[in-house]
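Just so you know, ligand 1 is whichever comes first in the structure, and atom 1 is the first atom listed for that ligand. Excluded from the calculations below are hydrogen atoms, water molecules and symmetry mates; all remaining heavy atoms, backbone and side chain alike, are included.
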Amino acid sequence: MNRSNRGLFAGAVAICGMACAAPVGEAQAPAGMQQAVDNAFATFRTLKEGKNADYIPALAKVDPNLFGIAVVTADGKVYIAGDVKTEVSIQSISKVFTMAQVIQEQGLEAVEKTIGVDATGARFNSIIAVEAVRTVVGTGAPEMNPLVNPGAISATSMVRGASSDEVWKKIIGFHNDAAGRQLSVLQDVYKSESDTNQRNQAIGALMLAYGYIKNNWQQAVDLYTRQCSIGVNARDLAMMAATLAFAGKNPVTGKQVMDSAKVPGVLAVMATAGLYDDSGKWLYHTGLPAKSGVGGGIIAVSPGKFGIAVVSPPLDDAGNSVRAQRAIAAISNAVGGNPLAAR
Ligand code: DON
């Protein structure tokens, strides 16, 4: 769908290091990982394509040169290159973990029946998509998903709690457990987005009108805005991806964050909708369930092998980090990370 990055993955599929010969289900770290990470960093650090998101004013101010890569393997080893300490706002990557929390709390069916698990093929904040795919809830399967804004705001509204504070504690708690440390909200981003999120407010109201949200859409939009403003660095994001890669268990803290049986549902929605209208192209070239955020992060999951994340703010037309897509594709294909490729 997105024309500006044609050729983005040129050559990526053909790249495959010695780990391509590794047996299926191998629990060890793929061979050559640090080399692949270093190569990707050296290759893409000078790439200047893309532009910071600016519809949230605070995001336009983030250094476009920030570039960090982190990979976490089964043994909890972290492979890094570049700046893996500077925090950016997690943005849409949070949608994965709030969806995961609702699935953990209420089961796979709750999300499927209330929101849906189908790609919209539209931009992440499309209102036309809401009109195009809605059905009357209760009389048919809704064909939305929790990784686009309307579905994500609805997922946030599903997190149970007697007060906004109680719901927030659960949302940030789940993110903390996946990251393996205490995260906090970047207040400048939260304020900037709260001041300018009228479109998301309209989406929230629409989702209430159409029955996806049961009550208090304003609270759902506010908590959604807050979860998008959580500060994370490349290392945090890689750890969160690794928690999904290793059946819901954080490989460093050892905490079982979600039931292993529920993780494939999360990965399925990431695979079909994680990079919005470019999800098909991404999957075609990497096979990896992934999720992007307009803060510049992308996470990707090679189940049983590694969780990977790259932070680099300049985005393409679809809202996905240009360098992150290229670096993740190159690293994963170099170490045999494509879960769709038989070995
Ligand atoms: O709701 C928004 O527009 C942002 N908080 C998040 C959008 C986003 O990250 C889309 N990702 N690629």
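Remark: ligand 1 atoms within the under-4.0 Å shell around heavy atoms of G319 are 12 (N). Below 4.0 Å from some heavy atom of E193 lie the following atoms of ligand 1, by number and element: 1 (O), 2 (C), 4 (C), 5 (N). Each of the atoms 3 (O), 7 (C), 10 (C) of ligand 1 lies under 4.0 Å from some heavy atom of F124. Here is the list of ligand 1 atoms found below 4.0 Å of a heavy atom in G293: 9 (O), 11 (N), 12 (N). Using a 4.0 Å cut-off to heavy atoms of N149, the atoms of ligand 1 that qualify are 1 (O), 2 (C), 3 (O).
Atom 7 (C) of ligand 1 has its closest protein heavy atom at S92 OG, 3.0 Å. Nearest protein heavy-atom neighbour of atom 12 (N) of ligand 1: Y276 CE1, 3.0 Å. Looking only at protein heavy atoms, the nearest one to atom 3 (O) of ligand 1 is Y55 OH, 2.5 Å. In terms of protein heavy atoms, atom 1 (O) of ligand 1 is closest to Y224 OH, 2.6 Å. Nearest protein heavy-atom neighbour of atom 4 (C) of ligand 1: Q91 OE1, 3.1 Å.
By the salt bridge (charged side-chain N to carboxylate O under 4.0 Å, His left out) test, K77 is found to be paired with no residue, residues two or more places apart in sequence or in another chain being considered.
Remark: the backbone N or O of A273 is not paired with any side-chain donor or acceptor of N145 at under 3.5 angstrom.
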Exercise. Might you work through the side-chain contact (heavy atoms from CB on, under 4.5 Å) test for R226 and S164, ending with a clear yes or no?
Key: CA-CA 11 Å; R226 223 189 292 181; S164 174; 4.0 Å; yes
Quiz item: Would D316 and D278 satisfy side-chain contact (heavy atoms from CB on, under 4.5 Å), going step by step from the backbone distance to the final call?
Solution: CA-CA 10 Å; D316 65 15; D278 275 350; 4.1 Å; yes
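Every N/O-N/O distance between C228 and ligand 1 stays at or above 3.5 Å. For N200, a nitrogen or oxygen atom sits less than 3.5 Å from a nitrogen or oxygen atom of ligand 1, counting backbone and side chain alike. Considering backbone and side-chain atoms alike, K95 places every N or O at 3.5 Å or more from each N or O of ligand 1.
Around the CD1 atom of I128, the shell of radius 6.0 Å holds no more than 12 heavy atoms that belong to other residues, nucleotides or ligands.
Ring pair F41/F67 is parallel by interplanar angle, where below 30° counts as parallel and above 60° as perpendicular.
In this model, no donor atom of one side chain and acceptor atom of the other lie less than 3.5 Å apart for N338 and K305.
Looking at R123 and D277, no side-chain N of the basic residue comes within less than 4.0 Å of a carboxylate O on the acidic one, giving no salt bridge. Using a 4.0 Å cut-off between a side-chain N of Lys or Arg and a carboxylate O of Asp or Glu, R160 and E166 do not qualify as a salt bridge.
By the criterion of a heavy-atom distance under 4.0 Å, both the backbone and the side chain of V294 are placed next to ligand 1.
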